[in-house]
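Below: the structure, in C-alpha cells.
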Number of protein chains: 2
Amino acid sequence: MKLVYADNNATTQIDSIVLDEMLPFLKEYYGNPSSMYGLAEKSGTKIKEARQRVAALINASEDEIIFTSCGTESNNTAVHAALEKQPEKKHIITTRVEHPAIKSLCERLARNGYRVTFVPVDKKGNLDTQLLFKSITKDTAIVSVMWANNETGVLFPVQEIAEDVRKKGIVFHTDAVQAVGKIPVDVKSAGVDMLTLSGHKIHAPKGVAALYVRKGLPFASYLIGGHQERGRRGGTENVASIVALGKACQLAGSRLEVMNTKIRAMRDRLENELLEKIPNSAINGNRENRVPSTTNVGFNSIEGEAILLMLDQLGICASSGSACTSGSLEPSHVLRAMNVPFTSAHGSVRFSFSTYNEEKEVDYIVEKLPPIIARLRELSPFWKQ
Amino acid sequence: MKLVYADNNATTQIDSIVLDEMLPFLKEYYGNPSSMYGLAEKSGTKIKEARQRVAALINASEDEIIFTSCGTESNNTAVHAALEKQPEKKHIITTRVEHPAIKSLCERLARNGYRVTFVPVDKKGNLDTQLLFKSITKDTAIVSVMWANNETGVLFPVQEIAEDVRKKGIVFHTDAVQAVGKIPVDVKSAGVDMLTLSGHKIHAPKGVAALYVRKGLPFASYLIGGHQERGRRGGTENVASIVALGKACQLAGSRLEVMNTKIRAMRDRLENELLEKIPNSAINGNRENRVPSTTNVGFNSIEGEAILLMLDQLGICASSGSACTSGSLEPSHVLRAMNVPFTSAHGSVRFSFSTYNEEKEVDYIVEKLPPIIARLRELSPFWKQ
C-alpha cells in the first residue's frame with residue numbers, strides 16, 4: 001500500500017492540472033502584472049481569469065474577490081476591516097470552535113479593549129444560535145462564524161445566522177476554508193458580507209487564498225502598500241499561485257457531486273466499520289450535519305499522538321486535530337468546547353478525505369486501526385475492559 | 001534579439017536552480033509542516049534549511065527570520081510590532097521616498113492619530129540625516145528607512161542612522177528589499193532591529209519574503225493565527241516558496257561579486273552612452289552612492305509611458321518608476337521628493353539589471369533608445385531644441 005493520505009483538512013496535494021496551469025508563471029511569464037510591457041500583460045490577463053473562476057465557485061462577482069496569502073490573512077483582514085470602518089463599535093461575536101486565525105485574533109483584540117462573545121456549542125458541536133442572536137448589541141461590529149469546522153466537519157447554519165445578523169445592520173463574515181470544495185457555497189443565497197477560502201485545502205498550493213467582500217460593504221485594507229487588488233491589498237500579486245487557485249476552484253466546482261456521493265459514502269463506511277470493530281469509540285460531532293469528507297473519531301483511554309505515530313508507520317496520514325495547533329499538549333479546543341470527556345478527547349483522530357481518496361484506502365485503515373487501538377489500550381493505565 | 005528584461009527592481013525571473021529546488025514541494029512533498037507524520041517532516045526540515053540560508057545571507061541567526069508573504073507584509077508587520085509593543089508612543093519617522101508599503105501605511109497611521117515625520121531628500125536623493133536625528137523625540141516609536149531606493153538605487157546610510165536611533169532606545173527598521181542581493185547586507189554590522197527582504201526581487205517566486213527581527217526585540221505578530229514561525233506569523237507555511245527563497249538567498253550571496261563588478265560596469269556603460277548620445281538627459285540620483293544595478297534616466301520634455309511603450313515594441317522591458325504605483329498619472333513621488341523638474345520627472349525611465357543581463361543587451365538599448373527619444377521629442381509640444 002502506498003501512502004494513504006487522509007489529512008486533507010490540514011492540506012491537500014496540488015492537482016497536476018493545477019500545477020500545469022501555474023508552471024508557466026513560475027517560468028517564462030514572470031512579469032510583474034503592474035508593469036507596462038507585454039510580458040506583464042499575460043500575468044494580468046490570467047489573474048483576471050482566476051478571479052472569475054474563484055468568483056464563479058461561490059456565486060460572487062469578479063470584483064468582489066481579493067487575493068491574499070492565506071486563510072489566516074483573509075480572516076484577519078475581514079475582522080480588521082469591520083473594526084476599522086466602525087471605530088465606535090467595540091464588540092465582536094464569534095464561536096468557541098473557530099480556527100486559530102479567528103480565535104487567537106479575537107483573544108488578542110479582547111486584550112486590546114474589545115469585548116468578544118465566544119458563542120458555545122453543544123456536545124454534538126452544534127452552535128447555540130439563540131445565544132448568538134441574544135448576544136447582538138448596538139455595539140457589535142462583526143459576527144464571524146465558520147461555515148464548517150476543521151476538526152469535526154460540523155456545519156453551522158450560516159444562512160440563518162447571516163439573515164438575522166445583517167437584518168440588524170451588522171457585518172457578517174464566515175471562515176469557509178473547510179466548506180468550499182466540500183459542499184456548495186453560494187455567497188448570495190447565504191447572504192454573507194465576507195467569506196474566506198483557502199487554496200491549499202482544495203488542491204492549489206499553500207500561500208494563496210481569497211477574501212470575498214460583498215460589493216458596497218465598507219472595506220479597509222489590512223496589508224497596506226501598492227495599488228494591487230484595486231487598492232484593497234498591497235503586495236506584488238503572487239501570479240502563479242493565484243492562477244493555480246483559479247484552476248483549483250474550477251475543478252472543485254466540478255467535483256462537488258463526487259464529494260457528496262462517493263466520498264460521503266466512503267467516509268460513512270469508514271465510520272461504521274470503525275465503530276463496529278472498536279469498542280468504546282464514538283464519532284465527535286453531529287453526524288447528520290457535516291461536510292461529506294471529514295470524520296473525527298474518539299477512542300477512549302489512549303493518546304491520539306500515539307495512534308498517529310503508529311498509523312504513520314503503516315503509511316497512513318491522519319491528524320489529532322488542527323495542524324495549526326499541533327505541538328500543544330492540550331486536547332483540541334473544539335472537542336473541549338463540545339464537552340467531549342477528557343479521556344476521549346485525548347484519543348481522538350481526524351480522517352479527512354478529498355476526491356483523490358479511494359475505497360481501498362478505507363479498507364486499509366479499517367484493517368490497520370483496530371489492532372493499533374487494542375495494542376495501545378493494553379499499554380494504557382486508563383483502560384479497564 | 002530576444003526579450004531584454006531590464007526591470008529587475010520590479011520583479012525577477014525565477015532562477016532554474018531555485019525552481020528545481022522548490023518543485024518537489026509543489027509535487028510529492030505536500031505535507032503540512034505542522035502535521036505529525038513522515039510526509040510532513042520533510043517540509044519542516046527544508047524550511048529549517050531555508051531559514052538558515054536566508055539568515056546566512058544577512059548574517060542573522062536562524063531564529064531571527066520570520067517568513068511572510070511579501071515585502072509589504074514584512075514592512076507592515078515591522079511597523080505594527082513596534083507600535084503594538086510601545087502603545088504610549090505615537091510618533092513615527094520615515095522618509096519621503098519609501099516604497100508604498102511603508103509610505104501608504106504611515107499615511108494611514110497619520111490619519112489614525114499617529115504623528116509621522118517624512119524626512120526629505122536632496123536633489124540627488126540623499127537623505128537629510130541631520131533632520132532625521134533632530135526629529136527624534138521621546139514619543140518616537142520607530143524609525144523606518146529604506147536601505148536602497150527602488151526607483152533610483154540610491155543608498156541611505158543605514159548603519160549611521162541605526163547607530164544614532166538605537167542609542168536613543170528607539171526601534172530601527174529598514175526596508176532592504178532593493179538592497180539584498182545587490183550589495184552586502186549585514187544586520188549585525190549595520191545594527192538594525194528589523195529588516196525586510198523579498199523573494200521575487202532575487203530570483204525566487206512572488207509571494208514569499210522575510211522579516212529579520214533581532215533577538216530580544218519585543219515583537220507582536222501581525223497575522224494572528226496558528227503557532228507557525230514560533231508563534232510570530234500565523235498561516236500555513238508556504239513551503240515550496242520558502243524553500244525557493246532559501247535557495248535564492250544562497251545564490252544571491254554567491255553573486256554579489258558579479259553584481260559589483262560586471263553588472264556595475266554594464267550599468268555605468270549604459271548611463272555614459274545614453275548621456276552621450278541623448279541631449280538633455282540626466283541621471284536621477286547620486287551616482288556615487290547607489291546599488292550597482294539600477295539607473296534612472298530623465299529625458300526632458302517627453303512622457304516616460306510613451307518611451308516604455310516604444311521600448312516594449314522592441315522587446316525591451318523597463319519602468320517609469322515603481323511598478324507598485326503604476327496606473328497613476330502623477331510622476332513618481334521619489335523624483336518629486338528630489339525636486340526633479342516636472343518635465344524631466346515625467347520623462348524618466350528606470351533600467352534595472354540582474355546578474356542575468358548581458359553586455360549585448362546594453363548595446364541593444366543604447367542602439368534603440370536614442371532614436372525613440374528623438375522621435376518623441378519631435379512630437380512633443382514642450383520640446384524646444
Side-chain angles (χ1 to χ4, degrees), chain A residues 3 5 7 10-14 19 26-27 30-32 34-40 68-73 75-76 99-101 104-105 108 200 205-208 223-228 234-241 305 308-309 311-312 317-320 322-328, chain B residues 3 5 7 10-14 19 26-27 30-32 34-40 68-73 75-76 99-101 104-105 108 200 205-208 223-228 234-241 305 308-309 311-312 317-320 322-328:
Chain A
L3 200 70
Y5 187 74
D7 199 15
T11 197
T12 58
Q13 57 187 300
I14 302 180
L19 185 60
L26 295 175
K27 293 177 177 170
Y30 56 85
N32 187 322
S34 298
S35 297
M36 295 273 300
Y37 32 80
L39 176 69
T68 68
S69 69
C70 55
T72 297
E73 187 192 328
N75 282 341
N76 282 210
H99 183 274
S104 300
L105 173 68
R108 160 92 77 101
H200 76 106
K206 298 169 185 68
V208 66
L223 290 200
I224 299 173
H227 62 95
Q228 293 91 350
T236 297
E237 296 90 339
N238 186 351
V239 184
S241 296
E305 275 68 20
L308 295 181
L309 289 174
L311 286 173
D312 184 32
C317 299
S319 159
S320 60
S322 163
C324 294
T325 50
S326 78
S328 156
Chain B
L3 200 69
Y5 187 73
D7 200 14
T11 197
T12 58
Q13 58 188 299
I14 301 180
L19 186 60
L26 295 175
K27 294 178 178 171
Y30 55 85
N32 187 322
S34 298
S35 297
M36 294 272 302
Y37 33 78
L39 177 69
T68 69
S69 69
C70 55
T72 296
E73 186 192 329
N75 282 340
N76 282 211
H99 184 274
S104 300
L105 173 67
R108 161 93 77 102
H200 77 105
K206 300 170 185 67
V208 68
L223 290 199
I224 298 173
H227 62 96
Q228 293 91 349
T236 298
E237 296 90 339
N238 186 351
V239 185
S241 296
E305 274 67 21
L308 296 181
L309 290 173
L311 285 174
D312 184 31
C317 299
S319 158
S320 59
S322 163
C324 294
T325 50
S326 78
S328 156

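Excluded from the calculations below are hydrogen atoms, water molecules and symmetry mates; all remaining heavy atoms, backbone and side chain alike, are included. Below, chains carry the letters A, B, ... as their sequence lines are ordered, and counting in each starts from 1.
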Chain B: which of A/A240, A/A101, A/P205 shares the most heavy-atom pairs with it under 4.5 Å?
A/A101
Which heavy-atom pair separates B/E73 from A/S69 by the least distance, and what is that distance?
OE1-OG, 4.2 Å
Over all atoms of both residues, closest heavy-atom pair of B/G235 and A/C70:
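For B/G235 versus A/C70, the nearest heavy atoms are CA-SG, 4.1 Å.
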Between CE of B/M36 and CG of A/L308, what distance do you get to the nearest 0.5 Å?
5.5 Å
Could you have a look at [options] and say which one has the most heavy-atom pairs with chain A under 4.5 angstrom?
{"options": "B/L26, B/T68, B/N75", "result": "B/L26"}
{"options": "B/G71, B/A40, B/S104", "result": "B/S104"}
{"options": "B/C317, B/S241, B/G38, B/G207", "result": "B/C317"}

What residues form a side-chain hydrogen bond (donor to acceptor under 3.5 Å, both in side chains) with B/N76, not counting sequence neighbours?
none
Who are the side-chain hydrogen bond (donor to acceptor under 3.5 Å, both in side chains) partners of A/T72, not counting sequence neighbours?
none
Identify which part of [X] has an atom lying under 4.5 Å from any heavy atom of chain A, answering side chain, backbone, both or neither.
{"X": "B/A318", "result": "backbone"}
{"X": "B/L223", "result": "both"}
{"X": "B/T12", "result": "backbone"}

Single hit among B/T236, B/L39, B/V239 for side chain to side chain contact (heavy atoms under 4.5 Å, CB included) with B/N32:
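Checked B/T236, B/L39, B/V239 against B/N32; only one passes side chain to side chain contact (heavy atoms under 4.5 Å, CB included): B/T236.
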